[in-house]
**Student:** 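What follows is a structure written as structure tokens; I'll ask about it next.
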Amino acid sequence: MAEASSPTHQAREWLASILVWGTAALVTATFCWLLGDIVWHGLSHLSWTFLTTSPESAGRRGGIGPILVSTLLILGVCLTVSLPIGVGTAILLAEFTSDHSLFGRMTRRSLDVLAGVPSIVFGLFGNAFFCKTLGLGFSILSGGLTLACMVLPILIRSTEEGFRAVPANYRLSAAALGLSRTTTLVHLLLPAAVPGLLVGLILGIGRAIAETAALIFTSGYVDRMPESLLDSGRALSIHIFDLSMNVSGGDANAYASTLVLVILLLAINGTAAWLAERGLHRRIVTV
Amino acid sequence: MRPADVHTKPHPLYPTDEQPSAAVPAPLIHVNNLSLHYGDRPAFQDVTLSIGPGGITALVGPSGCGKTSFLTALNRLTDLIPGCRVTGEIRIENLDVLAPQTDVIRLRRLVGMIFQKPNPFPLSIQNNLSFPLREHGLRDPVQIAHTTETVLQGVGLWDEVKDRLDSPALALSGGQQQRLCIARALALSPAVLLMDEPCSALDPLSSGLVEDLIVNLRGRYMVVIVTHNLAQARRIADAAAFFWVQDGTGRLIETGTARQLFEAPRDALTAAYISGMRG
Ligand SMILES: Nc1ncnc2c1ncn2[C@@H]1O[C@H](COP(=O)(O)OP(=O)(O)OP(=O)(O)O)[C@@H](O)[C@H]1O
Ligand SMILES: [Mg+2]
């Protein structure tokens, strides 16, 4: 008690407070400044025409219609593939593999390593495997599949955490009522694991939608409107990269495209959260 | 007041103060030389006992002597614990519990369990009851509604919750949650009800309600209850079994009618434990 009120102790408390608040303020300020800058420069160019027309003169003029379509298709392929595999693997790891088994440890370790691999490595892998070995060429399909590989480790690990966070007594009380493992999984564990899944999904989508390196080598950067999943298509992030690095006079459209990317990201996150919330309330009723 | 399709067996099996006589129906649970290990560590060893139908049997003993482990062996919840090994023989009705080919789903419908901490699912009150029923093949909404009402009345919860069956079960008080859990188990009309310290997480009032409820179940279900509350065991039990830790493993020391075990224990350990708790 005497210690707590001593001058040095108080000074330390102060210092700690200042550091914590300062860091928080710094992070928030940086984010606001970034966002403000993008909105400030991008908003004036944003219009319905911009969203729906094709780019002209390498993107200096015109819009981002085909690019938006390609981006959404790539993301669609990525999620269609990664969600079922991700949830399946997470269930296998969390519910059917003991913590100490060799298989469990090896898989977890590999996933953690994979989650930290730079995206360019995934790009080269995707190029070698999907484009060349499987003969899919530079295509939206190749790009989506490559992104799926990149997103899977995060998705699996956080969904697995979601399952592990479900209290053990749900499993016991369900078993004691003679409910089968599958029933317990589908009706009790899965809904309870949704928050974890959601975190993984949001992190994954965030990583996927902002990806350039992995997509340059796999989905290419043709800016025409794609006609099938086997067509090459330019993703929004590549478009932004191209406009700001390779095209002089492309800054205005680069800003507008960035704004679209940010809005897209926020919209997807919002929808995911809303869907999960609704799904949860339909089946699961918590306090 | 009675749950829908409960077994109506002739019961009081233990004549008030004597050991069961020859006229009494054969015991429903037969445990022979049962041992349970977590990995290499034994939780209890060589337990042999028989429990007859209809009455309330109390398991008492100090912490860590394997009472919970014993209960979970009876409905094979031990299957869920990695590294847990059960040897010996358990027969419940005609079921060879430990045989690998035994249908555990059927076993667990026959043997319900109530845990120390109330553990309703994070569903509505109604769904806590109808979800297990549906999973066991009862689809008819009228019948589900009927069973819901009967079991909730059976545990004295109907009047408290009948207007809010769709609100979350987790919003109920601890005592109400525990009674809901009992109702949930009763809805499946088991023959045996295992209760692991069902009152110990509750306040005295709720605890009293649950105790009265257990007394009400006498004769219709066979109740095996673990309790640290010896006074409670004396009040409600027909038969009792005393476990103790010897050489790092749980042992069954003495069984008998509740009155005999609490008033004239044959074993010195039992006597010491009971008088220790009394004083
Ligand atoms: N899941 C488990 N894994 C490993 N050891 C366990 C496990 N559960 C119980 N044990 C051990 O087995 C022994 C018996 O435990 P058990 O829970 O059956 O005792 P209990 O009589 O119910 O005690 P209490 O009165 O405190 O509830 C204890 O030594 C305990 O540490
Ligand atoms: Mg216990």
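Keep in mind that what you see is a predicted model, and the values were worked out from it rather than measured. In what follows, every chain begins at residue 1, and chains take the letters A, B, ... in the order their sequences are listed.
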**Student:** Pick whichever of A:Thr183, A:Asn169, A:Leu177 has the most heavy-atom pairs under 4.5 Å with chain B.
**Tutor:** A:Leu177

**Student:** Is there side-chain contact between A:Ser173 and B:Arg184, with heavy atoms separated by less than 4.5 Å?
**Tutor:** yes

**Student:** If you take all heavy atoms of B:Leu77 and A:Ala176, which pair is closest and at what distance?
**Tutor:** CD2-N, 3.8 Å

**Student:** Yes or no on side chain to side chain contact (heavy atoms under 4.5 Å, CB included) for B:Phe131 and A:Leu188, after CA distance, side-chain angles and deciding distance?
**Tutor:** CA-CA 10 Å; B:Phe131 164 52; A:Leu188 292 172; 3.9 Å; yes

**Student:** Examine whether an atom of B:Asn75 lies under 4.5 Å from a heavy atom of chain A, and if so say whether it belongs to the side chain, the backbone or both; otherwise answer neither.
**Tutor:** side chain

**Student:** So which part of B:Leu80 gets closer than 4.5 Å to some heavy atom of chain A, the side chain, the backbone, both or neither?
**Tutor:** side chain

**Student:** Of all heavy-atom pairs between A:Ala174 and B:Phe121, which one has the smallest distance, and what is that distance?
**Tutor:** CA-CZ, 3.8 Å

**Student:** By a 4.5 Å heavy-atom criterion (distance strictly below it), what part of B:Pro132 contacts chain A: side chain, backbone, both, or neither?
**Tutor:** both

**Student:** Pick one of side chain, backbone, both or neither for B:Arg76, based on which atoms fall under 4.5 Å of a heavy atom in chain A.
**Tutor:** neither

**Student:** Checking heavy atoms, do the side chain of A:Ala168, its backbone, both or neither come under 4.5 Å from chain B?
**Tutor:** neither

**Student:** Roughly how far, to the nearest 0.5 Å, is the CG atom of A:Leu172 from the CD1 atom of B:Ile81?
**Tutor:** 7.0 Å

**Student:** At what distance, to the nearest 0.5 angstrom, does OG1 of A:Thr184 lie from CD of B:Glu135?
**Tutor:** 8.5 Å

**Student:** What residues, two or more places apart in sequence or in another chain, satisfy side chain to side chain donor-acceptor pair (under 3.5 Å) together with A:Arg164?
**Tutor:** A:Asp99, A:Glu160

